J.: 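I'd like to ask you about the structure that follows.
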Amino acid sequence: MASSNAPPIDLSGPQLRDARALAESMHRHLFYSQAKSPSLASPHDHYCCLALAVRDLLLQNWVDTAEAYTKQHVRTATYLSAEYLLGPHLENNLVNLGMRQAAEVACAELGLSLEDLIALEPEPGLGNGGLGRLAACFQESMASLELPAIGYGIRYEFGIFRQQIQNGHQVESTDPWLAQGNPWEVMRPEWAYPVTIGGHTVLGVAYDTPILGYGVHTANTLRLWSAQAPESFDFASFNAGHYTQAVLQKIHSETLSKVLYPNDETGQGKQLRLSQQIFFVSCSLQDMFRILKGQGMAVTQFHEKFAVQLNDTHPAIAVAELMRLLIDDHGVDWDTAWSITTSSISYTNHTLLPEALETWGLDLFAHLLPRHLEIIYEINARFLRMVRIRYPGQPALLERLSLIEEGPYRKLRMANLAVVGSHHVNGVAELHSTLVRQQLFPEFAELWPDKFTNVTNGVTPRRWIAVANPFLSALMDEAIGTGWRRDLGELKGLEPHAGDPAFLERWRTVRDQSKQRLANAIHQDLGVLVDPSSLFDVQVKRIHEYKRQHLAALQIVERYLRIRNGEDLPPRTFIFGGKAAPGYAMAKLIIRLISGIAEIVNMDPAMDGRMRVVFLPNFSVSLGQKVYPAVDLSEQISTAGLEASGTGNMKMALNGAVTIGTLDGANIEIRDLVGHDNFFLFGHTAEQLEVINRGGYHPMPWLQNDPIAREAIDLIGSGHFSEGDRDLFDPLLANLCSSDPFRVMADLGDYRRAQNSVDDAWLDTTSWNRMSLLNTARCGFFSSDRSIHEYAERIWKVKPVPIDAGNLIPSTPSGAS
Ligand code: NBG
């Protein structure tokens, strides 16, 4: 492997010692773990050696943490999530250990490039988007805040699909992220639990990954369950000569944790998804009972030991499963079991979109989980009895609150189950939490006003600034010290520099370095040359109509027409990225449209030096780490009221991007914090849209008054961006012009106005740099440390437990919990 071209790093004594030790450890692992000689080692061998050497370094923390938690009987948060979009571990662990520089020197000593090795790590993409990434940021923050916590989930063999763009279309392939092994996990065959689904029993086996806190000795555990057949072979069939049948049985069981479901996918694969949910929830709860017992605590103390957080409704079956375990397996009476359950569980809602609120047909549910259904009927009967007493003579109210949706095809409402079974329910940004109370669960909110609360999302500054943006990090370290990594509020210290032209110039320079880095990657991967001095206008996130990538696309077509008509506009590079659910035809068509526009624009000499359009394939955590630091303009343009929070908006603003956005999700809080002058606002508010909707929305009047929009739509319809194919974009255009469910036309004019003011603002470089700096300086609130602190204080009642370095804590007298 090529050696690093990086300038030599000046390390002080102890760090140099660390570097030497690391290099030695890598050398040893090459022989003892990879069984290779240096001359035969592949780049992947070197990556494994480094990963194993780093893992060795954090094992002490991991072992000490487990030991301390056990001996001190600490109250523990358990986070149940079907998704963890972790991203690669290596660099993050190096940063959290304070070993990033030492590793660079160690690699150089061995003639290797740390950056190259980091790039070799396959990313565990065990999540779809924001929800899964939030779960990953939260794990890291819990460890950094020294909070006793366990993350529970599924060890999918195949993570989120890989996306390629072929002839402008999204093409999916599998993500065999485990194919080359995974140095970060430890299998725990001794912790395996049976789960019976549809009369068939599978075994969930624990795989543990350490989650290292930043600058502390805490390393918490992420425990993911892998499905196995209880016996590798059905010996009866085997002996009867049915060898193949016995093996098929095994394969059937293991299918359960094979693949992560893409979200936004309706209907398909429902049965397997429900099975996955009960599978990981049951294993996790059984594991908690094992821990409880191991600490000599009674089952009736479950809620004293554990705060169980449901990440959306995917784990909502936990309400019924915890009841079942308490009653059937542990002999607890109903009332006590219900009190334990509702004292343990809390639920976070992540979306108001009706199609994302999970329901299960009762037939399917009864077939797979008959005992759970019985329990749910009983919960419902008791709950509705209580409601009937409080609100006599209101059958319609009962119908809305019921856990069962009546009708020809009866369904189980998982969100209602989660609300009834939880002591707290939270939304993920102020507006969203208000809408959860007012629109989604108004009757529940009236019944239990104190149950509902808000915890605005956040992102971890370690991965999303320190790892992702070394250039900005170095400048900030110099200006305000290094403490922002632990207390992101310290970014405020940048504010006095907003009036210093020389500092703003340096701010610009480090931002340009990130843009250059992204430009290089775009050139290398896509062969497109983009100008790092142009305005980088970026929208990266899942492709969905409510996020309105098509609104951005229309605006780009308008800009293209304006430039062709001779208008002089400041140069811009439009960058998109994101996956569309494989079954979501409209989202895939939006990708096709963006690719079509990119192809025409990038070939047109009239666009040279004025505009480029790029669709980055296979957006991921690692790609995000390159993109977020390079954003000048952050596109957060969802239909107001539909984006629960957004977290990409936070990553971009923290890295110095200015937002163009609607009053939606956390955009509102970002705008209030950074100052209204440092944010480009447009569009209807959620309230205004409600009024418009009540009057009966139609896009036509908007379109008729907007000749520019009509021209853009006509150009798309003419086949200009689809090699003459006039029909290709028909479904998209017809939808926009007839029902326009996401109110693109209602907001297009104001979006154009806001984009014009962006052009004006960009021309004043100093003032733009100032806006950029103020966005970073004022967004410290959006650290996931702050979010987790709120959960721990207000919802979980879990306290930090500092871990001493390499120094096992002696057991405390009994009684502490
Ligand atoms: C998503 C929302 C985002 C939000 C993340 C994390 C789901 C179901 N919801 O707006 O769409 O930021 O959750 O809370 O994925």
Side-chain angles (χ1 to χ4, degrees), residues 79-85 125-139 141 160 260-266 273 277 309-316 346-359 414-415 418 425-436 440 453-460 464 539-549 578-581 584 587 621 624 628 634-653 659 661-670 686 742 782 784 786-788 790-791:
Y79 197 84
L80 300 191
S81 179
E83 301 190 9
Y84 290 93
L85 194 44
L126 311 184
N128 276 283
L131 174 144
R133 182 54 231 174
L134 186 80
C137 282
F138 279 6
Q139 297 309 305
S141 278
I160 186 69
L260 165 75
Y261 276 99
N263 61 9
D264 312 323
E265 189 97 55
T266 43
R273 197 189 301 224
Q277 296 182 351
Q309 183 67 42
L310 309 181
N311 197 28
D312 223 42
T313 54
H314 315 143
S346 47
Y347 154 57
T348 306
N349 172 279
H350 292 268
T351 180
L352 301 169
L353 294 187
E355 66 267 29
L357 288 175
E358 287 186 300
T359 57
M414 299 311 273
V425 175
N426 75 287
V428 290
E430 289 290 351
L431 172 69
H432 172 237
S433 296
T434 302
L435 297 176
V436 163
L440 195 59
T453 184
N454 173 62
V455 181
T456 298
N457 283 344
V459 302
T460 166
W464 294 114
Q539 190 173 20
V540 284
K541 49 182 79 228
R542 286 299 291 247
I543 311 292
H544 200 292
E545 286 166 280
Y546 88 80
K547 295 179 186 282
R548 300 201 293 194
Q549 281 91 353
K579 296 175 184 180
Y584 186 176
V621 173
Y628 293 118
S634 157
E635 297 272 354
Q636 309 299 338
I637 61 177
S638 50
T639 317
L642 295 186
E643 186 69 274
S645 163
T647 43
N649 47 3
M650 302 168 185
K651 292 165 200 163
M652 292 186 185
T659 306
T662 48
L663 284 179
D664 199 14
N667 294 353
I668 300 175
E669 288 151 81
I670 293 178
F742 297 95
F782 298 106
S784 45
R786 189 266 316 144
S787 312
I788 285 300
E790 288 190 33
Y791 279 100

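When a ligand or atom number is given, it counts from 1 through the structure's own listing order. Below, each value reflects all heavy atoms present in this structure, side chains not excepted, and no hydrogens, waters or symmetry copies. Since we're looking at a predicted model, the values are computed, not measured.
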J.: Test your reading of the model: is there a side-chain donor-acceptor pair from Ser634 to the backbone of Thr659, 3.5 Å cut-off?
T.: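 Flag not set: sc Ser634 to bb Thr659 has no pair under 3.5 Å.
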J.: Is it the case that ligand 1 has an N or O less than 3.5 angstrom from some N or O of Lys547?
T.: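 Between Lys547 and ligand 1 (N or O atoms, distance only) the closest approach is not under 3.5 Å.
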J.: In the protein, what heavy atom is nearest to atom 12 (O) of ligand 1, and what distance, to one decimal place, separates them?
T.: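 Heavy-atom neighbour on the protein nearest atom 12 (O) of ligand 1: Gly646 N, 2.8 Å.
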J.: Can you tell me how far CG of Asn649 sits from CD of Glu635, rounded to the nearest 0.5 angstrom?
T.: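 Separation between the atoms: 12.5 Å.
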J.: State the CG-CD1 distance between Leu260 and Ile160, to the nearest 0.5 angstrom.
T.: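 It is 5.0 Å, given to the nearest 0.5 Å.
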J.: Atom 15 (O) of ligand 1: which protein heavy atom is closest, and how many Å away?
T.: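 Looking only at protein heavy atoms, the one closest to atom 15 (O) of ligand 1 is Leu131 CB, 3.5 Å.
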J.: Checking His350 against Asn311 for the side chain to side chain donor-acceptor pair (under 3.5 Å) test, could you report, in this order, the C-alpha distance in whole Å, the side-chain angles of both residues, the deciding distance, and whether it holds?
T.: CA-CA 8 Å; His350 292 268; Asn311 197 28; 2.6 Å; yes
J.: Checking the N or O distance criterion of under 3.5 Å, is ligand 1 in contact with Asp312?
T.: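 N/O-N/O distance under 3.5 Å: no.
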J.: At a 4.0 Å threshold, what atoms of ligand 1 neighbour a non-hydrogen atom of Ala644?
T.: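 Per the distance check, 10 (O).
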J.: Using a heavy-atom cut-off of under 4.0 Å, does the side chain or the backbone of Phe138 touch ligand 1, or both, or neither?
T.: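 The answer is neither; Phe138 stays 4.0 Å or more away.
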J.: Looking only at distances, can you tell me whether any N or O atom of Ser645, backbone or side chain, sits closer than 3.5 Å to an N or O atom of ligand 1?
T.: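 So ligand 1 has an N or O lying under 3.5 Å from an N or O of Ser645.
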J.: Under 3.5 Å, is there a donor-acceptor pair between the Glu643 and Gln636 side chains?
T.: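 Short answer, no.
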J.: Identify, for atom 1 (C) of ligand 1, the protein heavy atom at the shortest distance, and state residue, atom and that distance.
T.: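 Here the nearest protein heavy atom works out to His350 O, 3.6 Å.
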J.: Specify side chain, backbone, both or neither for Thr348, according to which of its non-hydrogen atoms lie closer than 4.0 Å to ligand 1.
T.: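 For Thr348, there is no contact with ligand 1 at all, from either part.
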J.: Decide side-chain contact (heavy atoms from CB on, under 4.5 Å) for Tyr584 and Ile543; before the verdict, give the C-alpha distance in whole Å, the side-chain angles of both, and the deciding distance to 0.1 Å.
T.: CA-CA 9 Å; Tyr584 186 176; Ile543 311 292; over 6 Å; no
J.: What is the nearest protein non-hydrogen atom to atom 10 (O) of ligand 1, stated with its residue, atom name and distance?
T.: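 Protein heavy atom at minimum distance: Glu643 OE1, 2.5 Å.
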J.: In Å, rounded to the nearest 0.5 Å, how long is the span from CD of Glu545 to CZ of Phe742?
T.: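 Between atom CD of Glu545 and atom CZ of Phe742 there are 5.0 Å.
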J.: Should you measure from each heavy atom of Tyr546, which atoms of ligand 1 turn up under 4.0 Å away?
T.: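 Contacts of ligand 1 toward Tyr546, numbered from 1: 11 (O).
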J.: For the CZ atom of Arg133 and the CG atom of Leu131, what is their distance to the nearest 0.5 Å?
T.: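 Arg133 atom CZ to Leu131 atom CG measures 12.0 Å (nearest 0.5 Å).
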